[in-house]
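Proteins get letters first, then strands, A, B, ... in listed order; numbering begins at 1 in each.
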Amino acid sequence: MNQDGRLHPTSIAIRDIADIFGRMGFGIAYGPELEDDFHNFTALNIPPNHPARGMQDTFWIKDQKDYVLRTHTTSVSVHELEKLAKSGGSEMRRIMPGKVFRNEATDATHEAQFYQVDGFAVGPAGSVTLAHLKGTLTRFYREYLGTDAKIRFRPSFFGFTEPSVEVDVWFEVSGKEGRWLEVSGGGMFHPNVIHNAGLDPKNIGGFAFGGGLERLLMVKYGIPDVRLFYSGDVRFVYGFDEKKI
Amino acid sequence: MKISRNNLQQYFTAPLPSTAVIAEAFTFHCFEIEEVTGDVLDIKVLTNRTADCATEEGIAVELSAILNMPLKNSPDLGFSPTTVDVSLERVNAILGTNFSETEVEDVFRRLRFHVKKTEHMYRVNAPLPRTDIEIPEDVAEEVGRILGYDRIPATELPDVAGEPDQARYRGIERMKDMLVAQGFTEVSTQSFAKNGDIILTNPLDKTKPALRTSLEENLRDALARAKQYASLVLPPKAQVKLFEVGTVFPKEGEYLELRMTERGNAAGISDNLSVAKLEDYGKEYTPKQYVLGRYKPFSLYPFITRDIALWVPSDANASFIENVIRENAGKLLARLDQFDHFEKEGKASYAFRLVFQSMERTLTDEEVNGSMACITAALSAKSYEVR
């Protein structure tokens with residue numbers, strides 16, 4: 001009896017996300033999970049002793065003090081911007097799905113390893129704005145969560161963006177009252193990040209955003225415990241009715 | 001930082017709005033509020049604002065700017081030696097807005113910025129405690145948050161020429177689709193391991209201080225568990241086959257490994273996807289997409305399987321028989337599969353596997369025997385011959 005197997009829900013989600021962003025001109029990029037300090041922190045305008053380092057619970061590597069387990073896939077942005085600098089281009093749009101690591105106690109809503117989807121769009125100075133971030137994310141969440149979805153920005157601080165915002169999405173699960181959910185952070189690339197990647201911030205700028213994937217799926221599908229994702233348990237993978245599009 | 005509305009009121013002559021309104025003003029124009037208890041706000045000061053918002057007075061100064069309410073006694077804060085030159089056009093180009101000169105200048109006034117206006121430029125010096133105002137982007141952020149991010153329009157990016165580069169991703173997903181079509185199920189496991197070449201300085205789980213050098217151990221373990229639960233997720237004759245795509249960290253350097261269980265046994269065959277030419281393989285491929293329903297939690301209790309075989313007239317309908325079984329099995333029936341069918345001498349034989357499981361407790365054989373007796377009785381009443 002030959003019957004199809006199943007994809008893990010993380011793969012299914014990344015395909016949905018890649019499809020929506022693909023239609024908005026975003027390519028997909030990957031980078032190392034064992035990352036050097038420069039790409040994970042310093043290039044992102046988080047130099048040694050910067051307070052933002054304390055905000056992320058980093059796993060450090062024995063005998064390799066310049067390496068960390070990446071704390072975000074924002075590190076991949078730097079690699080991609082470096083490629084843009086080398087190619088002499090002035091425009092790039094990418095999303096970067098991948099596993100990231102945070103040294104924090106695990107429970108039903110916290111995992112030390114989880115997926116993040118970061119993204120950015122850069123173009124000639126002044127051509128990509130914070131309003132474009134709002135437009136891009138509004139379209140994404142509407143397509144992904146439903147036409148009722150809407151987003152709002154709140155002030156925040158990340159070393160690698162200025163201005164920086166938290167992104168909340170209004171989300172309604174059928175039969176339940178709608179609510180605001182904090183889904184990602186974002187903002188305009190700090191000029192230092194553009195500079196550190198070998199580009200001139202006078203000529204190039206743009207927005208960046210990123211957020212955890214599981215949290216979004218937990219709300220979308222009603223998954224009660226984040227630890228199910230990487231348990232290697234087939235009962236989780238088969239816990240959904242599945243329909244091929 | 002905890003601060004009450006009453007304490008804040010001391011800095012203002014006019015009455016402050018309610019605690020709820022103040023909390024909302026902070027949330028959308030400045031900081032997150034962790035908690036409101038009575039009239040006490042627990043404010044989470046952002047790390048770039050610890051210099052000016054470390055004190056009650058600092059918070060009051062910020063609130064005065066947000067609410068556009070004058071302070072009782074205007075503090076002499078001095079001015080930062082850092083001068084930021086920024087134009088109205090630049091502020092609007094960063095934010096994607098159309099804010100007017102009047103609006104932006106009003107923000108500067110509310111924030112107590114020292115501003116010298118030339119024909120094309122504002123020369124801005126923030127109050128001395130505002131160590132975070134260093135570049136034009138910082139000033140744009142002040143304008144955006146004080147006027148309100150709800151005033152930023154949602155503008156879609158212009159179209160770009162050509163197809164975006166998703167070739168490598170498509171190559172990886174094509175590999176996965178190929179395996180799924182061959183009956184393999186994807187699992188995802190932890191990157192931490194007991195042994196490995198890369199050791200963490202600060203592991204979370206002391207028994208797993210290393211990074212995995214291969215997916216083998218996790219996949220073998222996942223397979224052993226999957227075999228245990230196979231009856232719950234797969235039809236009776238299907239073989240459990242698993243695969244994982246994940247990063248591994250041998251001393252030669254990390255790479256993306258694809259590993260699949262070989263003939264359902266050893267966690268055997270693997271491939272290095274970091275060296276495979278996946279861009280060419282994926283370039284023209286569109287990964288399959290699926291709609292998933294809401295998640296249905298699985299039971300933590302053991303399950304019991306029973307098979308039933310019966311003779312029926314050759315024109316009997318299999319789905320009708322399944323319905324009879326379902327209707328009489330009770331709500332403990334977790335899964336029902338037909339696994340055999342043949343015809344002989346004008347009669348048809350069907351065999352079904354039933355899986356019983358409770359979400360609340362361990363089932364007993366007696367309970368399941370009861371359900372099976374009900375099913376048998378119902379089938380016999382239809383003149384089917386249960387063997």
Side-chain angles (χ1 to χ4, degrees), chain A residues 1-12 15 18 22 24-28 32-34 51-52 59-62 103 112-113 121 126 129-132 134-136 138-139 153-155 157 162-163 165 188 221-224 229-230 232-235 237-245, chain B residues 27-28 30 46-48 93-96 137-138 140-141 144-145 149 152-157 160 164-166 169 176 180-181 183-191 198-202 204 218 222 226 229 232-233 235 237-238 247 249 254 287-298:
Chain A
M1 202 178 288
N2 193 13
Q3 95 159 31
D4 280 4
R6 283 266 190 143
L7 280 180
H8 192 273
T10 302
S11 290
I12 290 172
R15 290 177 181 203
M24 292 192 274
F26 286 75
I28 298 177
E33 292 180 16
L34 186 61
F59 282 111
W60 305 93
I61 309 298
K62 214 174 230 172
N103 191 350
Q113 47 194 301
T129 68
L130 196 63
H132 286 122
K134 207 179 202 182
T136 303
T138 298
R139 178 163 161 196
F153 284 172
R154 284 183 288 113
F157 171 69
E162 188 67 44
V165 295
M188 299 299 289
Y221 298 117
I223 299 164
F229 282 88
Y230 310 110
D233 194 325
V234 291
R235 292 175 297 176
V237 179
Y238 281 88
F240 310 82
D241 286 331
E242 185 196 75
K243 210 169 74 198
K244 203 183 274 185
I245 297 175
Chain B
T27 305
F28 291 102
C30 193
L46 293 167
T47 48
N48 62 334
I94 292 166
L95 299 175
E137 285 75 8
D138 296 325
E141 176 169 75
R145 72 177 180 92
Y149 285 129
I152 308 255
T155 311
E156 287 201 12
L157 286 168
V160 276
D165 181 4
Q166 298 196 342
Y169 148 78
K176 293 183 188 172
V180 167
F184 283 87
T185 290
E186 185 183 19
V187 291
S188 191
T189 67
Q190 303 273 325
S191 301
I198 306 288
I199 309 294
L200 300 174
T201 310
N202 52 340
L204 188 62
N218 286 351
Y229 304 128
L232 286 169
V233 298
K237 284 179 183 168
T247 302
F249 306 84
E254 75 171 80
K288 292 190 168 54
Q289 283 184 264
Y290 299 88
V291 176
L292 294 184
R294 280 188 71 75
Y295 179 66
K296 291 174 287 188
F298 53 80

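Rounding to the nearest 0.5 Å places CZ of F153(A) at 7.5 Å from CD1 of I152(B). Once rounded to the nearest 0.5 Å, the distance linking CG of L95(B) with NZ of K134(A) reads 11.0 Å. For the atom pair N202(B) CG and W60(A) CH2, the distance stands at 8.5 Å (nearest 0.5 Å). Within the model, atoms CG of L157(B) and OG1 of T129(A) stand 8.0 Å from one another, a figure rounded to the nearest 0.5 Å. Atom OG1 of residue T10(A) and atom OH of residue Y230(A) lie 3.5 Å apart, to the nearest 0.5 angstrom.
Put simply, of Q190(B), R145(B), E156(B), K296(B), the one with the most heavy-atom pairs under 4.5 Å next to chain A is Q190(B). For the set Y295(B), Y149(B), F298(B), the count of heavy-atom pairs under 4.5 angstrom toward chain A peaks at Y295(B). Chosen from G27(A), P224(A), P163(A), the residue pairing most often with chain B at heavy-atom distances under 4.5 Å is P163(A). Chain B forms the most heavy-atom pairs under 4.5 Å with one residue out of V165(A), L7(A), I28(A), and that residue is I28(A). Heavy-atom pairs under 4.5 Å with chain B were tallied for G222(A), P9(A), G126(A); the largest tally goes to G222(A). Annotation: maximal heavy-atom pairing with chain B below 4.5 Å, among G135(A), A131(A), G239(A), occurs at A131(A). Contact tally against chain A (heavy-atom pairs below 4.5 Å) for V160(B), V187(B), T201(B): the top residue is T201(B).
Looking at T136(A), the atoms closer than 4.5 Å to chain B (heavy atoms on both sides) sit in the backbone and in the side chain alike. Proximity to chain A involves both the backbone and the side chain of D138(B), based on heavy atoms less than 4.5 angstrom apart. If you measure heavy-atom distances from I198(B) to chain A, the contacts under 4.5 Å come from the side chain alone. Interface remark: L46(B) contributes side-chain atoms only to the contact with chain A (heavy atom separation under 4.5 Å). Interface residue F28(B): backbone and side-chain heavy atoms are both found under 4.5 Å from chain A. The part of A121(A) that comes within reach of chain B is its side chain, from C-beta onward, which places non-hydrogen atoms under 4.5 angstrom from that chain. The parts of I223(A) that come within reach of chain B are both its backbone and its side chain, each placing non-hydrogen atoms under 4.5 angstrom from that chain. Residue contact with chain B, scored on non-hydrogen atoms closer than 4.5 Å, involves the side chain of Q113(A) exclusively. For a residue to count as touching a neighbouring chain, one of its non-hydrogen atoms must lie under 4.5 Å from one of that chain's; by this rule L232(B) touches chain A with the side chain only.
Under a 3.5 Å cut-off, the side chain of R235(A) and the backbone N or O of V233(B) do not form any donor-acceptor pair. Formation of a donor-acceptor pair under 3.5 Å by the E186(B) side chain with backbone atoms of H8(A) is found in this model. Distance alone, capped at 3.5 Å, is enough to place a donor-acceptor pair between the E254(B) side chain and the E33(A) backbone.
Not a single ring-ring contact (aromatic ring centres under 6.0 Å, His included) links Y238(A) to another residue, sequence neighbours left out. By the ring-ring contact (aromatic ring centres under 6.0 Å, His included) test, F26(A) pairs with F21(A), sequence neighbours left out.
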